[in-house]
Every structure is written in C-alpha cells, then in structure tokens.
Novice: 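The structure that follows is given in the form of structure tokens.
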Amino acid sequence: MPELPEVETIRQTLKELVIGKKIESVSIHWPKIIQQPEPDMFHQTVVGQTFRDIRRKGKFLLFDLDDFVLVSHLRMEGKYGVFPSAEELMPHTHVIFHFTDDTDLRYRDVRKFGTMHLFKKGEEQNAKPLVQLAEEPISGNFSIKTFTEKVQSSQRCIKNILLDQTVIAGLGNIYVDETLFLAKIHPLQQGVHLTDKDILIIYQSAVETLNKAIKQGGTTIRSYVNSQGQIGMFQQELAVYSKEGEACQVCGDMITKIKVHGRGTHYCPSCQAI
DNA sequence: AGAAAGTCCTGATTGC
DNA sequence: TGCAATCAGGACTTTC
C-alpha cells in the first residue's frame, strides 16, 4: 500500500517520464475513479494540456498541467506507468492518458479504490480531498505544537491518531507501526495520556522512519512498484510490520499482532509496554 | 462535535 | 478437492 515514501518514489520516477508530454485524449474504463468533474467534462478539460510538474502532499500526487491540477490518490494498489500506445494493456488498467507522442500514461488499480480530482490551478487547496490535510512530518512547516495539541486532546489511541491525515500526513498502516516501535510507545496508548516528550519522540521517529524508507525507494509488501516497475527495498528494514511471531530485534520478545479498529497492528509487548 | 461504523473493491487466504 | 466465507485497507460518508 503506497504511503508517503512510496508515493514520493513514484513522484520522482514518474516525473522524468511525463513532463513535457501533451494529452491528446483520455480513455476512462472505470469512471468511479474520476471523482470530479464528471468523466466527460474531465476528458474535455485535460485534452490539449501538457504535464509541467508532479508534486506530492502526504500520500497524494499532484500533477501540474498548464491550467489545472490533477490530484490523485493511489489508495492500496494504484500504479502509474508510461508505455508505448501500441503496447497491450495490462490487467486492471482503468484510466489512460494518451499523449501526442504515441505513448500513454496508464493508471492501474486492482481494487479500484484510487481517486482522481481535477481542479483549476490553485483551487485544489481549498476543497476536498486536500483541504483538511495536515502537514507531513518531513515538511519544514510541520508544527510540533499543533501536533501535540491535537494528540493530547484526543481520547483515541495513538495508532488511530497517527493514521488520521488531518493530524499528521503521510503515515499509513506500515509506517505507523514502525514509528511506534521506534518510539517505544504502545499502539493502544490514548493520546490524552501522552506527554510532550512522548509526542516529540513519536514525531522524531516518524521523520527517521520516513526518510530511511524514501532512501530505500519505499516498501514492497503486497504489490508496490515504482513508475519504472521496480520494487522498494525498505521491507528489509521493517522491525514489526508483517513480523508477527518473530523475535524483536531489540529485546528478543515475540512481535505480536492485534486488531485496532479493523487495522492489523504489530508491536513488541516488551519494548512498547503500555 | 468527536468517534466509530459503513462503504468501496477483488485477489489471496482460510475454513469446512 | 472445491467452494464459500473471510481478510486486506485509505479516506470519505454516514450514523450515533
């Protein structure tokens, strides 16, 4: 599932492949992916536009066109790739941007959970899905004070809080578990019971985890590949996620998996005692 | 208003 | 073996 490091890796690899390419037409095979505007209006709007840049906010990709911004979320299994137009479509290809140079930008998504929103340039910040999005921990604008206030004012457990993109952007199920292991905080600990120091350590752990994962090109657990079809390498570094039953690399106790509001949650009962 | 549950999907895994 | 039920999960919408 692409989280911030995977989306960043996709952004970097995809940028080289699409910048300067002009859209001739779009094929939409699963219209629900296109949340806004209506698919036929979406098509009319982007035809003739050229890709100028790709930015990222949290787990969202922002494709800058001449006059519009395409906001794309990959959810669990979304993938982008650039192919010669003549090449046969891979399974689960739902949206195809046909370029004037006889190549395509193709969006594939086995579960069809991904979304695309199109905005006039500059308007994307004022509407869903970006309007409520918090800063990401590796951003220079991240406020530890605001983060601390939000965490300490919540009755929810820290696992849930860290998955909330209006509190901190970019973490998903894998990196929340890894961050809490590094911070030595139990996933069920309530936000209201965490000290300023706990929260600072959580923030620092998130930064360290995300930066390491970006350097490794992301984590491939199920099916993640970057825009050039390469897998990530960070799964070798995982300490708790998908390590149920294995020995903790710090203390040797057994990594335990529990469910926290429907999410698989991995932790070391000794290092992360509540 | 805040928090939990429901929703969207399909391939892989589990259970009988 | 074969089929059906269950699981995986991000973020929005709905419900409490």
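Throughout, protein chains are lettered first and strands after them, A, B, ... in sequence-line order, and every chain is numbered starting at 1.
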Novice: Backbone N or O of A:Ile161 within a donor-acceptor pair of the A:Asp164 side chain at under 3.5 Å?
Specialist: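 Not confirmed, A:Asp164 side chain does not pair with A:Ile161 backbone.
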Novice: For A:Tyr175, which contact category applies under a 4.0 Å heavy-atom criterion: base, sugar-phosphate, or nothing?
Specialist: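 No contact.
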Novice: Counting only side-chain nitrogens and oxygens, does A:Lys257 get under 4.0 Å of the OP1 or OP2 atom of C:dA8?
Specialist: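 Answer is yes, contact under 4.0 Å.
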Novice: Is the phosphate of C:dG9 approached by A:Tyr241 (side-chain N or O, under 4.0 Å from OP1 or OP2)?
Specialist: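 So the side-chain polar atoms of A:Tyr241 do come within 4.0 Å of the phosphate oxygens OP1 or OP2 of C:dG9, strictly under.
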Novice: If you assign each of A:Gln155 and A:Arg263 to its closest nucleotide in DNA chain B, which residue comes earlier from the 5' end?
Specialist: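 The residue mapped nearer the 5' terminus is A:Gln155.
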Novice: Is there a side-chain contact between A:His92 and the phosphate of B:dG11, meaning an N or O under 4.0 Å from OP1 or OP2?
Specialist: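 Yes, A:His92 has a side-chain N/O under 4.0 Å of OP1/OP2 on B:dG11.
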Novice: Does a side-chain N or O of A:Ser154 approach OP1 or OP2 of B:dA3 to a distance below 4.0 Å, or not?
Specialist: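 Checking B:dA3 against A:Ser154, a side-chain N or O does come within under 4.0 Å of OP1 or OP2.
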Novice: For C:dT13, does either OP1 or OP2 sit under 4.0 Å from a side-chain N or O belonging to A:Lys128?
Specialist: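 Checking A:Lys128 against C:dT13: at least one side-chain N or O falls below 4.0 Å of OP1 or OP2.
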Novice: Applying a 4.0 Å non-hydrogen cut-off, can you work out what A:Arg156 is touching in the nucleic acid: base, sugar-phosphate, or nothing?
Specialist: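 Contact class for A:Arg156: sugar-phosphate only.
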Novice: With a non-hydrogen cut-off below 4.0 angstrom, is A:Lys159 in contact with a base, only sugar-phosphate, or nothing?
Specialist: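 It contacts nothing in the nucleic acid.
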Novice: Would a distance-only check, ignoring hydrogens and angles, find a side-chain to backbone donor-acceptor pair under 3.5 Å from A:Gln249 to A:Ala239?
Specialist: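 Checked: no pair found.
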Novice: Without hydrogens or angle criteria, can the side chains of A:Glu208 and A:Gln204 be said to hold a donor-acceptor pair below 3.5 Å?
Specialist: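 No.
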Novice: Could you tell me how far apart A:Ile33 (CD1) and B:dC9 (P) are, to the nearest whole angstrom?
Specialist: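 To the nearest whole Å, that distance equals 9 Å.
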Novice: Please confirm whether any donor atom in the side chain of A:Arg111 sits under 3.5 Å from an acceptor in the base of C:dG10, or the reverse.
Specialist: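 Checked by distance alone, the answer is no.
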Novice: Is the distance from OP1 or OP2 of B:dC9 to the nearest side-chain N or O of A:Lys32 less than 4.0 Å?
Specialist: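 Looking at the OP1 and OP2 atoms of B:dC9, one of them is under 4.0 Å from a side-chain N or O of A:Lys32.
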Novice: Can you check the A:Met76 CE to B:dG11 P distance for me, whole Å?
Specialist: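 The answer, rounded to whole Å, is 14 Å.
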Novice: Between atom CG in A:Asp109 and atom C1' in C:dG9, what is the gap in whole Å?
Specialist: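 A:Asp109 atom CG is separated from C:dG9 atom C1' by 12 Å.
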Novice: If only side-chain N and O atoms of A:Lys112 are considered, is one of them under 4.0 Å from the OP1 or OP2 phosphate oxygen of B:dT10?
Specialist: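 Yes, A:Lys112 has a side-chain N/O under 4.0 Å of OP1/OP2 on B:dT10.
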Novice: For A:Tyr107 together with A:Phe97, are the ring centres under 6.0 Å from each other?
Specialist: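 Ring centres of A:Tyr107 and A:Phe97 not closer than 6.0 Å.
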Novice: In terms of the angle between their ring planes, are A:Phe99 and A:Phe51 parallel, tilted or perpendicular, with boundaries placed at 30° and 60°?
Specialist: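 The arrangement is perpendicular - the two ring planes meet at more than 60°.
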Novice: Surrounding CD of A:Glu38 (heavy atoms of other residues, nucleotides or ligands, distance under 6.0 Å), is the total greater than 12?
Specialist: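 Not more than 12 within 6.0 Å, no.
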Novice: Can you check the A:Gln35 CD to B:dC9 P distance for me, whole Å?
Specialist: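 Rounded to the whole Å, the gap is 10 Å.
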Novice: A:Ile258 CD1 to C:dA8 P: how many Å, rounded?
Specialist: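 These atoms are roughly 13 Å apart.
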Novice: To the nearest Å, how far apart are A:Leu162 CG and C:dG10 P?
Specialist: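 That distance rounds to 13 Å.
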Novice: With a 4.0 Å cut-off on heavy atoms, is A:Gln165 in touch with a base, just the backbone sugar-phosphate, or nothing at all?
Specialist: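 The answer is sugar-phosphate, as A:Gln165 gets under 4.0 Å only of primed atoms, P, OP1 or OP2.
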Novice: How close or far is atom P of C:dC12 from atom NE2 of A:His261, stated in whole angstroms?
Specialist: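 After rounding, the gap between these two atoms is 18 Å.
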Novice: Roughly, in whole Å, what's the span from NZ in A:Lys150 to P in B:dA1?
Specialist: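 Atom NZ in A:Lys150 sits about 16 Å away from atom P in B:dA1.
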Novice: Taking OP1 and OP2 of C:dA8, is either one under 4.0 Å from a side-chain nitrogen or oxygen of A:Arg75?
Specialist: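 Result: no.
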